[in-house]
Chemist: 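Below you'll find the structure I mean.
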Amino acid sequence: MTWQFTLTGLLIGILVGLTGMGGGALLTPILVLVFGFKPTYAVGTDILHGAVFKTFGAARHRRLGNVHARLTLWMFLGSGPMSLIGVALAGWLAHTYGDGVQSAEGYAIGAALVLGAAGLVAKTFVKRGVQPSDAPFALRRKDKLRAVLIGAVFGFIVGLTSVGSGTFFGLVMVLVYPLTIARIVGTDIFHAAALLWVAGLGHLVQGNVDLHAMAWLLVGSIPGIWLSSRFTVQVPQDALRLGLAGVLALSGVKLLNVPAASYVIAIGLGLGLTAFVVWLATGRRGVQSRRHEAERNDDPGAAAARRDRDRVRSDPAPEARA
């Protein structure tokens, strides 16, 4: 199977480019349930694949100015080393207890994703914490300590399960740091690229990566993240935040193995794509109407006609005044 991997990679690339999350949370279950991968190989392949294709998205967001470099560095100081500990623990658990141990981890992470989605939806209606503009944000000492702690906790989870590089970090940044959603997404992807290179090379050394599948996934995911990442600047913040919550919820449903999970995810993705298409259509009509209004304002004849009409409406006729 080759084109199936490429199509899957394209879907993952579009989701990550738009939201900064969803890669590991969706790709690992897809590799296990759809393509029949052993969980250990699914995790290793997913992490190294994410390292390569998120590097392209990170470069794109860096060029767009969506990355808070200092926050990325402080998070990586905690996430890099702890991800290697997670990789080592995953290998030890698989060797000692077999791949079945990851089912319990999947249930726990799935529940966390669903709870995170609920919190992110609530955050949509709480305007405190998220900046409406790109005002500078200088890290204080407590912000740096939080960043290292956040990186250590979730970096360990990423190394162990591949889930969280674009899920937990983005959610926590929304709740903790006063940044715009577009900058949170860019910072999240940039940090995830660095983190996944460390964890991915660790899995590669342990022999947990299917290089053939990873190559075909990249054929679809690299164009997907490159093309879709530009929409993070244009999508309204509330809509993008709800999109993040949708990805979290669908990922949690998949990991929890709820009844008819595949149908729930398919319906959710369908609704999300429909909403995105509707937004594109309404946004284009809005741009055209504003352009026409601007052209009318720039037309001297139209402006004079409007003034004449306004004068006729506002001034009584001379005969009436007489």
Side-chain angles (χ1 to χ4, degrees), residues 16 19-25 43 46-48 50-51 54-55 57-59 61-62 65-93 105 108-109 112-113 115-117 119-120 123 128-131 134-203 205 241 244 248 251:
V16 174
T19 68
M21 59 178 56
V43 169
D46 180 13
I47 288 181
L48 191 57
K54 282 192 177 183
T55 299
H61 280 284
R62 180 64 173 173
N66 293 338
V67 177
H68 195 297
R70 292 182 180 273
L71 178 58
T72 300
L73 174 62
W74 284 102
M75 287 195 300
F76 183 73
L77 289 178
S79 63
M82 291 302 296
S83 69
L84 291 178
I85 295 178
V87 171
L89 180 60
W92 179 80
L93 290 173
E105 297 171 2
I109 295 173
L113 293 179
L115 292 175
L120 197 51
K123 184 65 177 178
R128 294 175 298 176
V130 177
Q131 285 191 173
D134 288 323
F137 169 54
L139 292 174
R140 294 173 293 179
R141 182 177 180 181
K142 65 177 183 179
D143 297 319
K144 297 175 182 178
L145 293 176
R146 288 174 181 172
V148 174
L149 181 61
I150 292 168
V153 172
F154 298 122
F156 174 78
I157 295 175
V158 170
L160 182 65
T161 66
S162 83
V163 176
S165 65
T167 299
F168 295 119
F169 288 103
L171 173 62
V172 173
M173 281 192 289
V174 167
L175 299 174
V176 174
Y177 296 109
L179 300 171
T180 61
I181 290 296
R183 206 167 190 197
I184 286 172
V185 170
T187 303
D188 188 14
I189 291 181
F190 195 86
H191 168 262
L195 168 61
L196 292 177
W197 272 114
V198 175
L201 291 176
H203 278 287
V205 170
R241 196 177 299 119
L244 301 182
L248 283 172
S251 302

Chemist: Identify the heavy atoms of G159 and A199 that sit nearest to each other, and give their distance.
Modeler: CA-CB, 4.4 Å
Chemist: Restricting to non-hydrogen atoms, name the atom on A147 and the atom on W74 that form the minimum distance, rounded to 0.1 Å.
Modeler: CB-CB, 3.7 Å
Chemist: Please round to the nearest 0.5 Å and tell me the distance separating atom OG1 of T55 and atom CD1 of I189.
Modeler: 11.0 Å
Chemist: I'd like to check V205 versus V87 (side-chain heavy atoms, cut-off strictly below 4.5 Å). Are they in contact?
Modeler: no
Chemist: Do the side chain of H68 and the main chain of G186 share a donor and acceptor less than 3.5 angstrom apart?
Modeler: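 The answer is no, because no donor-acceptor pair under 3.5 Å joins these two groups.
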Chemist: Is there side-chain contact between M75 and L71, with at least one heavy-atom pair below 4.5 Å?
Modeler: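 Yes, their side chains come closer than 4.5 Å.
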Chemist: Mind running side-chain contact (heavy atoms from CB on, under 4.5 Å) on Y177 and I184 for me, showing each step along the way?
Modeler: CA-CA 9 Å; Y177 296 109; I184 286 172; over 6 Å; no
Chemist: Just so I know, are the side chains of H203 and V43 near enough to count as touching, which here means a heavy-atom distance under 4.5 Å?
Modeler: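 With C-beta onward as the side chain, the pair touches.
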Chemist: Between F169 and L195, is the side-chain contact (heavy atoms from CB on, under 4.5 Å) condition met? List the steps.
Modeler: CA-CA 11 Å; F169 288 103; L195 168 61; 3.8 Å; yes
Chemist: Using every non-hydrogen atom in the two residues, find where L48 and L201 come nearest and quote the distance to one decimal.
Modeler: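 Taking every non-hydrogen atom into account, CD1-N, 4.3 Å.
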Chemist: To the nearest 0.5 angstrom, please state how far the CG atom of L149 sits from the OG atom of S79.
Modeler: 12.0 Å
Chemist: Over all heavy atoms of both residues, which pair between A152 and M82 is shortest? Give the atoms and the distance, please.
Modeler: O-CB, 3.4 Å
Chemist: Find out whether F190 and H61 are in side-chain contact, i.e. whether some heavy atom of one side chain is under 4.5 Å from a heavy atom of the other.
Modeler: no
Chemist: Please find the pair of heavy atoms, one from R183 and one from G65, that lie closest to each other, and give the distance.
Modeler: NE-O, 4.2 Å
Chemist: Locate the shortest heavy-atom distance separating G80 from S83; write the atom from each residue and the value.
Modeler: O-OG, 2.7 Å
